[in-house]
Amino acid sequence: MATYKEFHQYSIEQPDAFWTEQAQLIDWKEPFTQVCDFSRPPFAKWFVGGKTNLCHNAIDRHAAKRPNDNALIFVSTETDEEKIYSFAELQTEVERMAAIYKGLGVKKGDRVLIYMPMIPQAAFAMFAAARIGAIHSVVFGGFASGSLATRIDDAKPALIVSSDAGMRGGKAVPYKHLLDEAIEIAEHKPAHVLMVDRGLDKGFNKVAGRDVDYATLREQNLNARVECEWLESSEPSYILYTSGTTGKPKGVQRDTGGYAVALASSMKHIYCGNEGETYFSTSDIGWVVGHSYIIYGPLIAGMATIMYEGTPLRPDPGIWWQIVEKYKVSVMFSAPTAARVLKKQDPAYMHKYDLSSLKHVFMAGEPLDQPTHEWFQNELGRPVIDNYWQTETGWPMLAALHGVEKTPIKFGSPSFPVYGYNLKIFREDGSECGANEKGIAAVIPPLPPGCLSTVWGQDDRFVSTYFTLFKEPLVYSSYDWAIKDEDGYFTILGRTDDVINVAGHRLGTREIEEAVQNHPAIAEVAVVGIEDKLKGQVPMAFAVVKDASKVATPEMVKALEKEVFATVDGILGAIGRPARVHFVTGLPKTRSGKMLRRSLQALAEGRDPGDLTTIEDPSTLENIKKLLAG
Ligand code: ATP
Ligand code: MG
């Protein structure tokens, strides 16, 4: 048994030996001849010459041995449906979908854009593309037509797979007119649109010659067999756009072999998920967590995966725990924003269910503040593991590796660099930070298997976006601000863009947010730095209270603001104290649940809020604008 440190060191010092071992976790049709080709930095190619297929590794190889075991478990609390597909059934459905693709003229290398709700057909659509070597590009269902049009023009799909509607909080959200609008706006026109008709939007528009019906074509392909297309390891599997928290989304291009190996290896060493168990990720297929840890990762590891359509609160806040009990979930994956929602609910909803199957809960996507982390782990009585990564990397960069060594969890920290990532914290001059010194997190390339190969169609943008932090050394960075303590535990303090410079002291937004979060009345908070003549910048907080009656009058607002100041003073000192705490009913977030601090900051400084195409609820910003004006 290695310690996590030895494991990490081995991966960095002997990458060829290390990754050759990890590569045994998947099936190869033809063996690779070179582990890593890094002859053209910063571009890296993994497992050169090897041939494999993601769909084969996720489905066929398990279907051959355990055809009747659970593979895909669909649970919708929106339509009250539950349906289980065994590995054999899943393979059959994917082959039918793949046959439909072929019938519509989709070939290897063509793009298939998927704009769908969380239904099994969306998974079939992804796997069918992977099966025939087409490149899928999933766009979060319900994105507005403008955002969708940009992605259509960037990916230039031969086929779009969509559905009449999604469901949200018990109501149908029609998609088809958004898609029609998007195709209208876009310069590129797909040859076909394959429609999965859920019967939720009866009168949706059908374009003759272009739109085709899934149920009809499936019926014609019931017995179709479509073999897997064996792809060279670095051939692309998919394109996925980043969340757009900091600006215009980037089209991340993923390879095939490196991704399969990285996921298989992460299931073992990070997620501790075993064949035959059940994985429950509450994310959406529109995000990277959905790609890696709803669709591909769990199935590659031979686990059953739950696809959940619904919110954490309907029919009641116990729903996720009820699912854990019913399907004996062993690994759960969610986001800090969901944990903060659950924290506002009565914990009895959690304790009502038998959670004995559950071994670990993972959290990623945003800083998991220390009070929420502590609350969640204590309430659950099992490790809650924060993991830090990005759409770009496809799998964790920082995490506790409980599959290697059961290191203690420090609340508020995603622990250590994951094997394969030579991740360090740098000063602005390119030298390395010492313990407890804030700096920019960056990885010395090559990036490990599974990470982006390039930005789709824009090699120059790949280099200029991610590899130009310093002249020397060459590093990959997505500009997150971080600190490492004397035991080697990392903390992500926020984005470098969001760092607040108060009279020469640099504070991450996360530090102040976490301090505010320590006040028991606060449910959620966003802090931004705003211009100040005297101090350069001052922090300003926008907070949602757990109980709105606590801020019913101007006097109560003043009193609570004072208490919050005192809480922050006690933790960070007066330097971190916000100039104001504004109590609001909601905060602006991206559809993937990330705080849009840049828009808040712009409003607070009286500027235009910028690109809002990925915002979840525009009314949050409207309300804040009114509040600031009056
Ligand atoms: P864009 O790159 O388009 O601005 P984005 O960075 O939000 O959007 P994602 O790939 O969805 O796109 O998010 C990755 C980012 O999310 C990370 O760079 C980091 O800022 C944040 N993040 C993810 N996980 C964590 C975590 N566990 N702790 C702190 N921050 C995290
Ligand atoms: Mg980013």
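The structure displayed is predicted, hence computed values, not measured ones. Start at 1 and go down the list; that is how both ligands and their atoms are numbered. Residues: numbered from 1 along the sequence shown.
Annotation: salt bridge (Lys or Arg N to Asp or Glu O under 4.0 Å) contacts involving residues 435-449, sequence neighbours excluded, comprise Arg427-Glu437, Lys438-Glu511. Residue pairs that meet the salt bridge (Lys or Arg N to Asp or Glu O under 4.0 Å) test with at least one member in residues 462-489, sequence neighbours left out, are Lys410-Asp485, Lys410-Asp487.
Side chain to side chain, Tyr419 and Ser265 meet the donor-acceptor criterion of an N or O pair below 3.5 Å. Thr337 and Lys589 share a donor-acceptor pair across their side chains, judged by distance under 3.5 Å alone.
Residues Phe280 and Phe333 place their aromatic rings such that the two centres sit no closer than 6.0 Å.
Protein residues are said to neighbour a ligand when one of their heavy atoms lies under 4.0 Å from it; for ligand 1 these are Thr242, Ser243, Gly244, Thr245, Thr246, Lys250, Gly365, Glu366, Pro367, Asp386, Asn387, Tyr388, Trp389, Gln390, Thr391, Glu392, Ser478, Asp480, Ile492, Arg495, Lys594.
Every residue meeting the side chain to side chain contact (heavy atoms under 4.5 Å, CB included) condition with Ala526, not counting sequence neighbours, appears here in chain and number order: Glu513, Leu587, Met595, Leu600.
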